[in-house]
Peer 1: 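Provided herewith is a single structure, encoded as structure tokens, for subsequent inquiry.
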Amino acid sequence: MLTPFPVKNCFRLLCHHRVPAAGFRTPATHGLILKSISNDVYQNLAVEDWIHDHIHLEGKPILFLWRNSPCVVIGRHQNPWQECNLHLMRQGGIKLARRRSGGGTVYHDMGNINLTFFTTKTKYDRMENLKIIVRALNVVQPHLDVQPTKKFDLLLDGQFKISGTASKIGRVAAYHHCTLLCSTDRTALSSLLKSPYQGIKSNATPSIPSVVKNLLEKDPALTCEVLMNAIAAEYAAHHQIDNHINLINPADETQFPGISSKAKELQSWEWIYGWTPKFSVNTTFHVPHEQAHLPIQVSIEVKKGRIETCDIKAPDHWLPLEISNKLNSSFIGSKFCPIEATLLTNILLRTCPDDQHLHSKWNILCEKIKGIM
Ligand SMILES: Nc1ncnc2c1ncn2[C@@H]1O[C@H](COP(=O)(O)OP(=O)(O)OP(=O)(O)O)[C@@H](O)[C@H]1O
């Protein structure tokens, strides 16, 4: 069923630009099933963007199957500091991506299948898609109890989430994408999706945490490959299209002209962090002083991922006011990120009096501030 795919030809049949050239012929094919050969989250999200922007579906559906190496994917209107453990992700080299669709934060790895259902806006029907998945699951394991919920999750045995849904609806085209947990690392999922940051206030969309389960835990025969093939077969039967799974390479500019700039944009700091709705952080640190701990109050406002106002209040006898003021003003306009904070701190330290005692206090303070970023 899996065939090497002359994608170029297939897209030529399916695709024309939104403003069709005069005399454009109606595409001959009726729909497509695509599968990415890449496990890079930015490249795969770029395929979604590309198809959404370039392909005129005219009622012809596309199913896109993809899997990613470990990453966390936040919804369009979310705050990553509220949703995940960025420190842990940086340490483990786990990528962070912001998708174009709304909704909550999910964890992806090679044990998680992603399914994107492209249709025209008028044919967009999330429940129909979820039913295709449920039928496919019942083909491979007839005794599975999987039900769609009102928020378009899929629940196993009435309580465990195995799939989450999000969507993007454009002027004429739409897509519904969902996850399917097959053999995901549940320990990584729960530790990465736990924010350690305190005192954040924002209007960003919050995630709705659920108890999740893998299908493989229910039946060891339910591997990602088995499930993807079953879903593709059910999708093809439902839409009466060819059930070939066509492999695509999202890095291939000849097949997807302009796709690398889409992937680059999805990977940019401005999109991942800078798109975060305005938020504030109000927190208190404690720093060691003689036999006690002194409180340091921090109040920061962040707009487009950059520090808009910064008010660090340390007791004057611990850190002279003029030094904390210097720190406050230097942070303004900088990215709310530990790398930038380190750079700034190093520059500032060089301008400070050559006082070891002061430098060590400054370092303690800056380490604490980096801890909230
Ligand atoms: N790959 C995954 N598949 C299914 N559930 C997941 C996955 N990763 C994490 N989860 C669970 O889903 C919760 C997030 O669900 P939430 O409903 O906020 O977002 P969603 O399912 O992506 O999208 P939507 O809000 O549109 O349903 C996480 O806190 C976690 O409990």
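All ligand and atom numbering here is 1-based and tracks the order in the structure. The first residue of the sequence shown is numbered 1, and numbering continues consecutively from there. Values reported hereafter were calculated over all heavy atoms of this structure, with side chains retained and with hydrogens, waters and symmetry mates removed.
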Peer 1: Using a 4.0 Å heavy-atom cut-off, say whether Asn112 meets ligand 1 through its side chain, its backbone, both or neither.
Peer 2: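 For Asn112, only side-chain atoms sit under 4.0 Å from ligand 1.
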
Peer 1: Given that the side chain starts at C-beta and the backbone is N, CA, C, O, which of these parts of Arg99 lies under 4.0 Å from ligand 1, counting heavy atoms, or is it both or neither?
Peer 2: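 The part of Arg99 near ligand 1 is the side chain, not the backbone.
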
Peer 1: Tell me: protein heavy atom nearest atom 29 (O) of ligand 1, and distance?
Peer 2: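 Sorting protein heavy atoms by distance from atom 29 (O) of ligand 1 puts Pro209 CA, 3.3 Å first.
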
Peer 1: Is the centre of the His52 ring less than 6.0 Å from the centre of the Tyr175 ring?
Peer 2: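 So the answer is yes for these two rings.
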
Peer 1: What protein heavy atom sits nearest atom 18 (O) of ligand 1, and how far off is it?
Peer 2: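 Here the closest protein heavy atom is Ile208 N, 2.7 Å.
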
Peer 1: Distance to 0.1 Å, residue and atom name: give those for the protein heavy atom nearest to atom 17 (O) of ligand 1.
Peer 2: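 Closest protein heavy atom to atom 17 (O) of ligand 1: Lys151 NZ, 2.5 Å.
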
Peer 1: Are Tyr107 and Pro70 side-chain neighbours, meaning at least one heavy-atom pair lies under 4.5 Å?
Peer 2: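 They are in side-chain contact.
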
Peer 1: Which part of Leu193 is near ligand 1, with near meaning a heavy atom under 4.0 Å away: side chain, backbone, both or neither?
Peer 2: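 Leu193 to ligand 1: side-chain contact only, backbone stays beyond 4.0 Å.
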
Peer 1: Using the ring of Trp271 (Phe, Tyr or Trp, six-membered ring only), decide whether Arg76 places NZ or CZ under 6.0 Å from its centre and within 45 degrees of its axis.
Peer 2: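 That pair does not qualify as a cation-pi contact.
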
Peer 1: Within the 4.5 Å heavy-atom criterion, are Phe64 and Phe118 side-chain neighbours or not?
Peer 2: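 Contact flag for Phe64/Phe118 side chains = yes.
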
Peer 1: If we check salt bridge (charged side-chain N to carboxylate O under 4.0 Å, His left out) with Asp49, which of these qualifies: Arg100, Lys168, Arg99?
Peer 2: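 Passing option: Arg100.
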
Peer 1: Considering only non-hydrogen protein atoms, determine which one is nearest to atom 6 (C) of ligand 1 and report residue, atom name and distance to 0.1 Å.
Peer 2: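 Checking every protein heavy atom, the shortest distance to atom 6 (C) of ligand 1 gives Val106 CG1, 3.8 Å.
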
Peer 1: What protein heavy atom sits nearest atom 3 (N) of ligand 1, and how far off is it?
Peer 2: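 Among all protein heavy atoms, the one nearest atom 3 (N) of ligand 1 is Thr179 OG1, 2.8 Å.
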
Peer 1: Would you say Gly164 has any N or O atom under 3.5 Å from an N or O of ligand 1, going by distance alone?
Peer 2: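 Gly164 vs ligand 1: no N/O contact under 3.5 Å.
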
Peer 1: From atom 20 (P) of ligand 1, work out which of Ser167, Ser101, Gly104, Gly75 has a heavy atom at the shortest distance.
Peer 2: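 Considering heavy atoms of Ser167, Ser101, Gly104, Gly75, the nearest to atom 20 (P) of ligand 1 sits in Gly104.
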
Peer 1: Could you tell me the residue and atom name of the protein heavy atom closest to atom 15 (O) of ligand 1, and the distance to it rounded to 0.1 Å?
Peer 2: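 Going by distance alone, atom 15 (O) of ligand 1 is nearest to Lys161 NZ, 2.8 Å.
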
Peer 1: Among all protein non-hydrogen atoms, which one is nearest to atom 1 (N) of ligand 1, and what is the separation to 0.1 Å?
Peer 2: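 In this structure, atom 1 (N) of ligand 1 has Tyr107 O, 2.9 Å as its nearest protein heavy atom.
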
Peer 1: I'd like to know if the side chain of Ser38 pairs up with that of Asp40 as donor and acceptor (distance under 3.5 Å, no hydrogens or angles considered).
Peer 2: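 Note: Ser38 and Asp40 side chains miss the donor-acceptor criterion.
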
Peer 1: For Glu48 and His177, test the side chains for any donor-to-acceptor distance below 3.5 angstrom and give the result as yes or no.
Peer 2: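 His177 and Glu48 do have a side-chain donor-acceptor pair below 3.5 Å.
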
Peer 1: Would you say that Ile296 contacts Leu365 through its side chain, given a criterion of any heavy-atom pair below 4.5 Å between the two side chains?
Peer 2: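 In contact.
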
Peer 1: For Ser210, take its heavy atoms, then give the atoms of ligand 1 lying under 4.0 Å from any of them.
Peer 2: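 Once the distances to Ser210 are compared, the set is 31 (O).
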
Peer 1: Please check if any side-chain donor atom of Asn79 sits under 3.5 Å from a side-chain acceptor atom of Thr276, or the reverse.
Peer 2: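 No, Thr276 and Asn79 have no side-chain donor paired with an acceptor closer than 3.5 Å.
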
Peer 1: With atom 28 (C) of ligand 1 as the reference point, say which of Thr165, Thr105, Val212 has the nearest heavy atom.
Peer 2: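 It is Thr105 that holds the nearest heavy atom.
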
